[in-house]
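Structure first, then comments.
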Amino acid sequence: MIAAMGYEHILVEIEPPIATVTLNRPKVLNALSPAVIGEVSAALSELEADGNVQAAVLTGGPKVFAAGADIQDMADQGAVDQLLRDQTGRWAPLAGFKKPLIAAVNGYALGGGCEVALMCDLIVAGDTARFGQPEVNLGIIPGAGGTQRWPRTAGKYVAMEVMLTGAPVTALRAYELGIVNKVVPWEMTIAVAKRIARDLAAKPPLAVRLAKEAVLKAFDAPLSDGLAAERKSFYFLFATEDQKEGMHAFLEKRKGVFKGR
Ligand code: CAA
């Protein structure tokens, strides 16, 4: 069953156990206005709470992912306007989404668009995808995590090249740099991302959630803290019904049926 919630700038499809959020401002290449950010954040908060959804795909559709923050909207803003609006901070429901979130990227993923893709857990890129941080050409720098997530994934020198030149990298180069999981023909991108989402949605939800949390911890905790957090989650999972089911299903040579309890 497909259900849709009413938003103006995005489309939300729920096909339990997955959901797909599609940015939908094609005339401006899905530029990320405050309204778009608000709608994506609201949709993800709803999907977070929806027990029928275990994984989500975020896409811009077949042609473009997102060409960044809305320059029309920002051009005449002052520093105080920006601070009070805290546009980049409003991505928190996306960055903090607890279920697996897969970016399906075709065409441009630039500026804030690239940063949003980097906030997702896996990235499936169509062969038309271009990832970049052109903010320097506008007299600003990335403000939604680009300067931090690129070096943590692709290393200092690649990050410097991307930030300082503003030139995008191709899907293939992004794959070689380890910032995308798969490159596929652009017509297949969303279908492949949905297939991965369905695979992840069939796994024990608590184990998936805590595995995601543990990997993200590696980005901002010293190794000893990360290892301690991992260990606690590992022990905790032995309190779940899904651990009993997963291990007994293995021993009984059958497929496990998981409840997220
Ligand atoms: N904001 C607002 N409008 C945008 C936009 C953006 N980020 N990107 C594209 N558009 C609009 C264009 O103004 C144009 O509108 P009109 O038809 O009304 O003129 C329409 O989308 C189509 O764009 P182009 O004609 O430019 O299309 P193109 O194929 O020739 O070029 C492009 C495509 C290379 C992506 C080019 O549009 C471009 O360079 N866009 C801006 C990319 C950018 O600088 N992004 C960073 C924004 S800042 C940011 O994101 C800050 C942050 O970190 C949070």
Side-chain angles (χ1 to χ4, degrees), residues 8-11 21-44 58-97 101 103-120 123 125-154 158-174 179-180 186 189 219:
E8 197 184 336
H9 305 294
I10 62 171
L11 305 170
V21 177
T22 306
L23 305 170
N24 190 29
R25 288 185 86 203
K27 284 195 181 131
V28 286
L29 311 185
N30 292 336
L32 303 166
S33 63
V36 174
I37 300 173
E39 288 193 3
V40 173
S41 296
L44 287 174
L58 177 64
T59 185
K63 295 218 170 94
V64 63
F65 187 71
D70 190 326
I71 301 170
Q72 181 76 47
D73 168 76
M74 283 186 307
D76 296 320
Q77 285 253 308
V80 174
D81 301 322
Q82 279 287 313
L83 182 96
L84 293 178
R85 183 193 263 191
D86 190 23
Q87 182 160 319
T88 59
R90 292 180 64 219
W91 286 114
L94 193 157
F97 195 60
L101 183 59
V105 179
N106 285 321
Y108 293 112
L110 300 180
C114 183
E115 294 171 295
V116 162
L118 294 181
M119 285 180 216
C120 296
I123 303 179
D127 48 12
T128 56
R130 298 288 179 274
F131 297 85
Q133 302 290 163
E135 286 91 339
V136 69
N137 298 323
L138 300 170
I140 58 170
I141 67 169
T147 64
Q148 304 304 299
R149 290 195 175 92
W150 271 93
R152 279 169 168 75
T153 308
V158 169
M160 285 293 185
E161 179 189 326
V162 168
M163 301 308 140
L164 304 187
T165 69
V169 302
T170 62
L172 193 58
R173 177 134 191 256
I179 74 157
V180 313
W186 67 268
T189 316
F219 281 79

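Each ligand, and each atom within it, is numbered from 1 in the order the structure gives. Just so you know, these numbers come straight off a predicted model, no measurement behind them.
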- Close N or O approach (Ile141, ligand 1; < 3.5 Å): no
- Note on the structure: Across all chains, not counting sequence neighbours, the salt bridge (charged side-chain N to carboxylate O under 4.0 Å, His left out) partners of Arg25 are Asp70
- Task: Measure Ala67 to ligand 1 on non-hydrogen atoms and call it side chain, backbone, both or neither using the 4.0 Å cut-off.
- Result: both
- Task: Specify side chain, backbone, both or neither for Ala69, according to which of its non-hydrogen atoms lie closer than 4.0 Å to ligand 1.
- Result: both
- Task: Below 4.0 angstrom from a heavy atom of Lys27, which ligand 1 atoms are there? Numbered from 1 as shown, please.
- Result: 20 (C), 21 (O)
- Task: Could you list the atoms of ligand 1 found under 4.0 angstrom from a heavy atom of Gly143?
- Result: 52 (C), 53 (O)
- Item | Polar side-chain atom of Glu115 near backbone of Gly146 as donor-acceptor pair, under 3.5 Å | yes
- Query: Is there a donor-acceptor pair under 3.5 Å between the side chain of Thr88 and the backbone N or O of Gly143?
  - Reply: yes
- Query: Is the closest side-chain heavy-atom distance between Tyr108 and Asn30 below 4.5 Å?
  - Reply: no
- Task: Spell out, as yes or no, whether a donor-acceptor pair under 3.5 Å connects the side chain of Gln133 to the backbone of Pro142.
- Result: no
- Minimum heavy-atom distance Arg90-Pro34, with the two atoms named: NH1-O, 3.5 Å
- Please check atom 7 (N) of ligand 1 for a protein heavy-atom neighbour under 4.0 Å. yes
- Message: Quick check on contacts: which atoms of ligand 1 are under 4.0 angstrom from a heavy atom of Pro142?
- Response: 53 (O)
- Message: Just to be sure I read this right, does ligand 1 sit under 4.0 Å from the backbone of Gln133, its side chain, both, or neither, counting only heavy atoms?
- Response: neither
- Distance-only N or O hit between ligand 1 and Glu135, under 3.5 Å: yes
- Hey, which atoms in ligand 1 end up nearer than 4.0 Å to a heavy atom of Tyr108? 33 (C), 34 (C), 35 (C)
- Nearest-contact summary for atom 1 (N) of ligand 1 - protein heavy atom, Å: Ile71 N, 2.9 Å
- Query: Are any non-hydrogen protein atoms located under 4.0 Å from atom 35 (C) of ligand 1?
  - Reply: yes
- Item | Residue, atom name and distance, where the atom is the protein heavy atom closest to atom 4 (C) of ligand 1 | Val28 O, 3.9 Å
- Can you sort out which atoms of ligand 1 are near Glu115, meaning under 4.0 Å from one of its heavy atoms? 52 (C), 53 (O), 54 (C)
- Asp73 and Arg85, any side-chain heavy atoms less than 4.5 Å apart: yes
- Does the protein put a heavy atom less than 4.0 Å from atom 44 (O) of ligand 1? yes
- Item | Distance flag for atom 24 (P) of ligand 1, protein heavy atom under 4.0 Å | no
- Query: Does Trp186 offer a backbone N or O that forms a donor-acceptor pair with the side chain of Thr189 under 3.5 Å?
  - Reply: yes
- Message: Tell me if a side-chain donor or acceptor on Thr153 pairs with a main-chain N or O of Ile179 at a distance below 3.5 Å.
- Response: no
- Task: For Gly111, counting its heavy atoms only, list the atoms of ligand 1 lying under 4.0 Å from any of them.
- Result: 46 (C), 50 (O)
- Message: Judged on heavy-atom distance to atom 27 (O) of ligand 1, which of Leu29, Val64, Asn137, Thr88 sits nearest?
- Response: Leu29
- Message: Keeping Arg152 on the side-chain end and Phe219 on the backbone end, is there a donor-acceptor pair under 3.5 Å?
- Response: yes
- Query: Are any of the protein's heavy atoms under 4.0 angstrom from atom 39 (O) of ligand 1, yes or no?
  - Reply: no
- Query: Got a protein heavy atom sitting under 4.0 Å from atom 19 (O) of ligand 1?
  - Reply: no
- Item | Heavy-atom side-chain contact between Leu32 and Leu23 under 4.5 Å | yes
- Ile123 side, atom CD1; Leu58 side, atom CG - distance, nearest 0.5 Å: 10.5 Å
- Item | From Met163 atom CE to Thr147 atom OG1, the distance as rounded to the nearest 0.5 Å | 6.5 Å
- Message: Below a 4.0 angstrom heavy-atom separation, can you tell me which part of Leu138, side chain or backbone, both or neither, approaches ligand 1?
- Response: side chain
- Which salt bridge (charged side-chain N to carboxylate O under 4.0 Å, His left out) pairs, counting each pair once, include a residue from residues 140-151, with sequence neighbours left out? none
- Measuring to protein heavy atoms, does anything land under 4.0 Å from atom 13 (O) of ligand 1? no
- Message: Under 4.0 Å and counting heavy atoms only, is there anything from the protein next to atom 29 (O) of ligand 1?
- Response: no
- Task: State the atoms of ligand 1, each with its element, that fall below the 4.0 Å cut-off from a heavy-atom position in Ala31.
- Result: 1 (N), 2 (C), 6 (C)
- Task: Flag Ile140 as yes when one of its N or O atoms lies below 3.5 Å from any N or O atom of ligand 1, and as no otherwise.
- Result: no
- Query: Quick one: does Pro26's side chain get under 4.5 Å of Lys63's, heavy atoms only?
  - Reply: no
